[in-house]
Amino acid sequence: VEYNRCILNKGCTGVGGTHLFLTDDIPTVICSPRVSIIESKAKEFGEKILAVQKGVYDDDIKSYLIKSMKTPKIITTNDSFWRVKGMIGKAIGKYRIVVDEYHMLFCDSSFKSDAVYSFLEDLKDIPNKIAISATPIEERFLNEMPVLSDMDIVNLVWPEMPQLYVERVKTNNPALMVQNLIEQRKNNFVSDLFPEMNNMEYVFSYNSIEKPVAITKKLEIAPDKVSFYCANTLENRKYILQELGAKYDDCINPKNADSHTPITFWTSTMDCGADWYSDNAHIFVVSDTNMTHTSVDFGGQLVQIAGRLRTVENPNKNHITLIYNTSKGDLDKEMQKIEAKWRLSIRQLKYINGWLKTSNNFAFSMAVKAVSTIQSVNNYDYSYVMYNEKKNKIELNKLKYLSDKKMCEVQYGQYKDITFVDELMKENGYVLEGSHGSLTNRYGGDAAAIGHHGVEAGYMSEAVVKRKKDEHYIILTNRND
């Protein structure tokens, strides 16, 4: 890619974008939204790159920069980019900064908007930056985001786009449906009907810790039969061990990720960039609209989750089962609440700024303390007013506002009823598999007969560029053509 300042929409997952940036001859820092991506690349490239993760200190970064003066390749989390930037110093202008899975900046703004805001501030003065994803942020939101809004767009158009086959299962209680599926598997209920399922890995993409732990406890799933992939925090580990016991310690983010268990639960920490190699795993995506964080977006999340399966020979690749319930709330009313809070925040900021003009530094510090409580303790439940530490300024958190609007649309707008779900899926380019609510057709060998329509890494060999306003379309051709 010859553009040094653009948004690169890959078109599909697993095409080797990150790999390309780590193997060319340009000094590069890749910023990742998830530790799982860094761990995966560290395992793949070893000492050829510097993976900035737990246990890597400033002196380690400095030492690596000295040893790799020609073409340093560094991968770090978005939250730690400021450290790497600081260690590189003035030479940062010679680097290409790659924001991997940039769509997660928008997704993560729902719960860590301050960190995302800070990261975007650190990118402002970077001359060479590329934001890359297979599932781009919608233009109506992208145009409102700092830094990204004024970058050119490059769209990769593949000669053969992979299709995602989705089996839909509507239920009043998604957690209970998951429990029933695992219980049937545990009791070999389906073995006589579909022997293919005997050794199949059940992978549940469920953005919750509490529900999977409760299911494991209820069904008494043995520690060697279950794994939990989640944010590697003390709180998560403490909760799981408190509920299940110390014998489940090795089940939490297993160090040997290649050794899979029959049942796997993963949260959104695995939804993008992580590589899952398995000959027979099948992914069940659980969308529970009773909570915002467990509601799955049709527009991008399904594609990203399905893209975690990397083994081409797996007959379940590009096939997922969506387990969901319909929304109970009213989209218009919920959106009105968000808009009302935004208008209130504008008035609050105007009042605060007016008051500060006639006050001293002590008053400013008191205002900062009050606003910081709104941010850290209440997570903007009552107002979008924020304190920007880098600017030392009180302002509005537009990222959180935009993210709340999108999450509201997902939770209350995408899951109205069965017919609406199917129509929306067709609009998003998914192939509907089986009759709605049927779990039987999926496992009888149909997947193998349908075949795999994916695009393998390495196809980015030849390109024809077309221009349309500020967007660049690169038509990719198979290297064998």
Side-chain angles (χ1 to χ4, degrees), residues 33-34 103-104 106-113 115-116 168-182 203-218 228-231 233 235-236 238-240 242-243 264-272 283-302 304-305 320-338 341 376-382 384 399-418 420-421 424-425:
R34 297 291 182 265
H103 67 281
M104 293 305 296
F106 191 50
C107 297
D108 288 355
S109 292
S110 64
F111 65 93
K112 52 181 287 186
S113 58
V116 174
R168 296 87 56 229
V169 180
K170 188 264 178 183
T171 175
N172 291 328
N173 190 332
L176 184 60
M177 173 61 74
V178 171
Q179 179 178 309
N180 290 340
L181 278 169
I182 296 175
V203 178
F204 293 93
S205 177
Y206 201 156
N207 196 30
S208 167
I209 292 295
E210 293 79 11
K211 297 292 185 180
V213 166
I215 291 169
T216 301
K217 190 173 184 178
K218 174 73 174 178
F228 303 93
Y229 289 85
C230 55
T233 63
E235 291 79 7
N236 283 343
K238 183 178 178 181
Y239 178 80
I240 294 172
Q242 181 178 311
E243 293 295 315
T264 297
F265 293 102
W266 75 42
T267 64
S268 62
T269 193
M270 292 282 287
D271 281 359
C272 68
I283 297 178
F284 298 84
V285 181
V286 185
S287 184
D288 186 346
T289 60
N290 288 317
M291 295 173 285
T292 301
H293 68 277
T294 55
S295 301
V296 178
D297 179 21
F298 290 166
Q301 276 183 281
L302 287 183
Q304 288 288 347
I305 294 169
I320 61 173
T321 298
L322 174 67
I323 300 172
Y324 74 95
N325 57 356
T326 50
S327 307
K328 294 182 174 65
D330 184 284
L331 175 61
D332 291 337
K333 289 182 179 179
E334 296 299 326
M335 197 65 76
Q336 287 170 12
K337 293 178 184 177
I338 295 173
K341 185 167 73 170
S376 59
V377 178
N378 298 322
N379 192 27
Y380 301 98
D381 285 343
Y382 309 110
Y384 291 113
L399 277 177
K400 175 62 175 169
Y401 161 65
L402 294 172
S403 179
D404 281 353
K405 288 178 68 175
K406 176 60 180 177
M407 295 304 295
C408 182
E409 289 178 5
V410 172
Q411 184 177 8
Y412 299 107
Q414 292 189 0
Y415 295 90
K416 292 181 179 179
D417 54 51
I418 289 176
F420 189 82
V421 166
L424 194 57
M425 285 203 156

Asker: Going from NZ on K112 to CG on L399, what distance comes out if it is rounded to the nearest 0.5 angstrom?
Answerer: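 The CG atom of L399 is 12.5 Å from NZ of K112, to the nearest 0.5 Å.
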
Asker: Is the CG atom of N172 crowded by more than 12 outside heavy atoms at less than 6.0 Å?
Answerer: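 Counting other residues, nucleotides and ligands, CG of N172 stays at 12 neighbours or fewer.
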
Asker: Please name the pair of heavy atoms, one in V116 and one in S109, separated by the smallest distance, quoted to 0.1 Å.
Answerer: CG1-OG, 3.7 Å

Asker: Under the side chain to side chain contact (heavy atoms under 4.5 Å, CB included) rule, what do I323 and S287 come out as? Steps first, then yes or no, please.
Answerer: CA-CA 6 Å; I323 300 172; S287 184; over 6 Å; no

Asker: When rounded to the nearest 0.5 angstrom, what distance separates CE in M177 from CZ in F284?
Answerer: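 If we round to the nearest 0.5 Å, M177:CE and F284:CZ are 10.5 Å apart.
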
Asker: Looking at Y382, I'd like to know if its OH atom is crowded, meaning that more than 12 non-hydrogen atoms belonging to other residues, nucleotides or ligands lie closer than 6.0 Å.
Answerer: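 12 or below, so no.
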
Asker: Would you kindly check if the NZ (Lys) or CZ (Arg) of K170 is within the cone defined by 45 degrees around the ring axis of Y324 and under 6.0 Å from the six-membered ring centre?
Answerer: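 Judged by the rule, K170 and Y324 form no cation-pi pair.
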
Asker: Look at atom NZ of K406 and say whether more than 12 heavy atoms of other residues, nucleotides or ligands are closer to it than 6.0 Å.
Answerer: yes

Asker: Is the side chain of K211 donor-acceptor paired with the backbone N or O of L176 at a distance under 3.5 Å, no angle test?
Answerer: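 Looks like no, no N/O pair under 3.5 Å.
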
Asker: Any side-chain heavy atom of F265 sitting closer than 4.5 Å to one from V178?
Answerer: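 Yes. Closest side-chain heavy atoms under 4.5 Å.
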
Asker: Taking S110's backbone N and O only, do any of them form a donor-acceptor pair with S113's side chain (distance below 3.5 Å, no angle check)?
Answerer: no

Asker: Under a plain distance cut-off of 3.5 Å, with no hydrogens placed, do Y229 and T267 share a side-chain donor-acceptor pair?
Answerer: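 Judged by distance alone, the side chains do not pair up.
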
Asker: Working note: T321 + V169, criterion side chain to side chain contact (heavy atoms under 4.5 Å, CB included); need CA distance, chi angles, decisive distance, verdict.
Answerer: CA-CA 7 Å; T321 298; V169 180; 3.9 Å; yes

Asker: Answer with yes or no whether the side chains of N173 and N325 bring together a donor and an acceptor at under 3.5 Å.
Answerer: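 No, no side-chain donor-acceptor contact under 3.5 Å.
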
Asker: What distance separates N180 CG from I182 CD1, expressed to the nearest 0.5 Å?
Answerer: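 That separation rounds to 9.5 Å.
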
Asker: When rounded to the nearest 0.5 angstrom, what is the spacing between CD in Q304 and SG in C107?
Answerer: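 Answer for the CD-SG pair, Q304 versus C107, is 8.5 Å.
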
Asker: If every non-hydrogen atom of E210 is compared with every non-hydrogen atom of Y239, which pair is closest and at what distance?
Answerer: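 That closest heavy-atom pairing would be CG-OH, 3.6 Å.
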
Asker: Kindly give the heavy-atom pair with the smallest separation between T269 and A231, and that separation in Å.
Answerer: CG2-N, 3.9 Å

Asker: Heavy atoms, side chains only, cut-off 4.5 Å: are I209 and V213 in contact?
Answerer: yes

Asker: Please report the shortest heavy-atom distance between F106 and S403, naming the atom on each side.
Answerer: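 Answer, listing the atom of F106 first, then S403: O-OG, 3.4 Å.
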
Asker: Check whether any side-chain heavy atom of K416 sits under 4.5 Å from a side-chain heavy atom of T326, and report yes or no.
Answerer: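 In short, these two side chains do not touch, never coming nearer than 4.5 Å.
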
Asker: Residues in side-chain hydrogen bond (donor to acceptor under 3.5 Å, both in side chains) with Y401, at least two apart?
Answerer: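 Listed in chain order: E339.
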
Asker: With rounding to the nearest 0.5 angstrom, report the CG to OG distance, D271 to S205.
Answerer: 4.0 Å

Asker: Using a strict cut-off of less than 4.0 Å between a Lys/Arg side-chain nitrogen and an Asp/Glu carboxylate oxygen, indicate whether K337 and D404 qualify as a salt bridge.
Answerer: no

Asker: Would you please test T216 and E243 for side chain to side chain contact (heavy atoms under 4.5 Å, CB included) and show each step?
Answerer: CA-CA 10 Å; T216 301; E243 293 295 315; over 6 Å; no

Asker: Does a side chain donor of either Y412 or D332 reach within less than 3.5 Å of an acceptor in the other side chain?
Answerer: no

Asker: Tell me whether S295 contacts the main-chain N or O of M291 through its side chain, where contact means a donor paired with an acceptor under 3.5 Å.
Answerer: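 Indeed, once roles are kept as given, a pair shorter than 3.5 Å links the two residues.
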
Asker: Looking only at side-chain N and O atoms, does T292 offer a donor or acceptor that is under 3.5 Å from a partner on Q411?
Answerer: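 Yes, T292 and Q411 have a side-chain donor paired with an acceptor closer than 3.5 Å.
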
Asker: If you define the side chain from C-beta out and look only at heavy atoms, does anything of V296 sit under 4.5 Å from V410?
Answerer: no

Asker: How about S268 and N207: does a side-chain donor come under 3.5 Å of a side-chain acceptor?
Answerer: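 Yes, side-chain donor-acceptor contact under 3.5 Å.
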
Asker: Could you tell me if the side chain of I338 sits less than 4.5 Å from the side chain of Y384, heavy atoms only?
Answerer: yes

Asker: For D297, is there any backbone N or O sitting under 3.5 Å from a side-chain donor or acceptor partner on Q301?
Answerer: yes

Asker: To the nearest 0.5 angstrom, please state how far the CD atom of E334 sits from the SG atom of C408.
Answerer: 5.5 Å

Asker: Report yes if some heavy atom in the side chain of E409 is under 4.5 Å from a heavy atom in the side chain of Q414; otherwise report no.
Answerer: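 Not touching, per the 4.5 Å side-chain cut-off.
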
Asker: Give the intermediate values and the outcome of side chain to side chain contact (heavy atoms under 4.5 Å, CB included) for residues F228 and I240.
Answerer: CA-CA 9 Å; F228 303 93; I240 294 172; 4.3 Å; yes

